[in-house]
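A short write-up of the structure that comes next.
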Amino acid sequence: MVNIKLKKFNLEHTLECGQIFRINRLEEWYYVNAQNKFFKIRQNGNELEYHGVDKKFVTHFFSLNEDYSKILKKIDRDKYMREAIERYRGLRILRQDPWECLISFICSSASNIPRIKSILNVLSEDFGKQINLDKVCNYSFPIPGSINNYKKILSAKTGFRAKYIFETNKSMNIKTLNSFRTMTYKSAKDELKKLNGVGDKVADCVLLFSLGFNQAFPVDTWIKKVMQLLYFDNETVSNEKIRDYALNYFGDYAGYAQQLLFMFARNELRTPNRLKLWKEGKL
DNA sequence: CGTCAGGTAGCCA
DNA sequence: TGGCTACCTGAC
């Protein structure tokens, strides 16, 4: 059991903001597959209850040892961010396993969440190890080197991503991934982008969600829309320009700003019209 | 049936 | 650099 103020952590926002795919909600419990673990966790006010992992794991995995107030203070730059913070307060960046995160986001390109989930589950069933919790059967994410059957990868409905997964499985390992942690943001990103199937967006996701680069600012379609509207007078600008602007504007914790804005844009401003109305204060 | 979805590689100016 | 387009697949 962990006690943490609701204002400083929100399990639902943290797990449902798209940074992790292998989660399942069953009534008030979240069943989570991550880092070789299969555990369940729920939040009741200021209390976190969990089975299958210990306090040390939970504290680390959910970044509970980060100074949340300090982070919010740094990104709270304007009325837009303030509103995103108010609505999704308690959202934290997870500390995921870099390998699992890398493969997951390679799978995410030009896809959607249900499909990504399905691919990752099939890959785990085919190449991972069985783990049980409460008689619920599940599979750990396959370790580097073990996703080595191209036909099986393809039959997980990975499509054109199959070759990226197959190649990455051959060339990448945990040690190399971990060595990126001590590099500069730019060097680490360049290294990741050497992998086929890894571009700016996927690299930034891996850097932010698993390698500790809190300044990484993944630019996807939602972030692009909301950033253009709020900070570029609704003009079309390149992803690179958006990223540079965000890094400069939000600073060391730009990644937290990205997640909050992403949630806000995706959940509440689905249509461009709503987005515009919101900016004009008419929502 | 076309379009589109949390992108990227490859090609060309 | 900047601007295309094809790419697996499945849900509208």
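Just so you know, these numbers come straight off a predicted model, no measurement behind them. So you know, we letter chains A, B, ... as the sequences are listed, proteins then strands, and number each from 1.
- One atom, CG of A:Asn196, and another, P of C:dC7, lie 16 Å apart when rounded to the nearest Å.
- Atom CD in A:Glu16 sits about 16 Å away from atom P in B:dG6, given to the nearest Å.
- Among B:dG6, C:dG2, C:dG10, the nucleotide with an atom closest to any side-chain atom of A:Glu240 is C:dG2.
- In this structure, the side chain of A:Lys225 does not engage the main chain of A:Asp220 through any donor-acceptor pair within 3.5 Å.
- Note on A:Lys201: every side-chain N or O is 4.0 Å or more away from OP1 and OP2 of B:dT8.
- Considering only the side chain of A:Tyr164, B:dA9 comes nearest among B:dA9, C:dC8, B:dG7.
- B:dG10 atom C1' lies 15 Å from atom NZ of A:Lys193, rounded to whole Å.
- Counting only heavy atoms from C-beta on, A:Ala110 has its side chain closest to C:dC8 among C:dC8, B:dT8, B:dG6.
- Proximity of A:Asn44 to A:Glu49: side-chain heavy atoms (C-beta onward) are nowhere separated by under 4.5 Å.
- Between A:Leu154 atom CG and C:dT9 atom P there is a gap of 7 Å when expressed in whole angstrom units.
- Spacing between atom NZ of A:Lys189 and atom C1' of B:dT8 amounts to 13 Å, rounded to whole angstrom units.
- For A:Arg161 and C:dC8, a side-chain-to-base donor-acceptor distance below 3.5 Å is present, hydrogens and geometry of angles not being considered.
- Taking atom CZ of residue A:Phe262 and atom C1' of nucleotide B:dA5, one finds them 12 Å apart after rounding to whole Å.
- Between A:Asp190 and A:Lys194 there is no salt bridge, since no side-chain nitrogen of the basic residue lies less than 4.0 Å from a carboxylate oxygen of the acidic one.
- Across all strands shown, B:dC11 forms a Watson-Crick or G-U wobble pair, both distances under 3.5 Å, with C:dG3.
- Atom P of B:dC11 sits at a distance of 15 Å from the matching atom of C:dC8, rounded to the whole Å.
- At a threshold of 4.0 angstrom between heavy atoms, the contacts of A:Leu195 are confined to the sugar-phosphate backbone, with no base atom among them.
- Using a 4.0 Å cut-off between a side-chain N of Lys or Arg and a carboxylate O of Asp or Glu, A:Arg87 and A:Glu83 qualify as a salt bridge.
- A:Ile116 places its CD1 atom 12 Å from the P atom of B:dT8, with the value rounded to the nearest Å.
- Salt-bridge check for A:Glu66 with A:Arg95: passed, with a basic side-chain N closer than 4.0 Å to an acidic carboxylate O.
- Atom pair A:Met263:CE and B:dG6:P shows a separation of 15 Å (rounding to whole Å applied).
- A:Gly197 comes within 4.0 angstrom of the backbone, heavy atoms only, and of no base.
- When the P atom is used for both C:dG3 and B:dG6, the distance is 23 Å, rounded to whole Å.
- As judged by a 4.0 angstrom heavy-atom cut-off over every strand, A:Ile113 is placed among the base-contacting residues.
- Distance from the side chain of A:Trp222 is smallest to B:dG6 among B:dG6, C:dG10, B:dG7.
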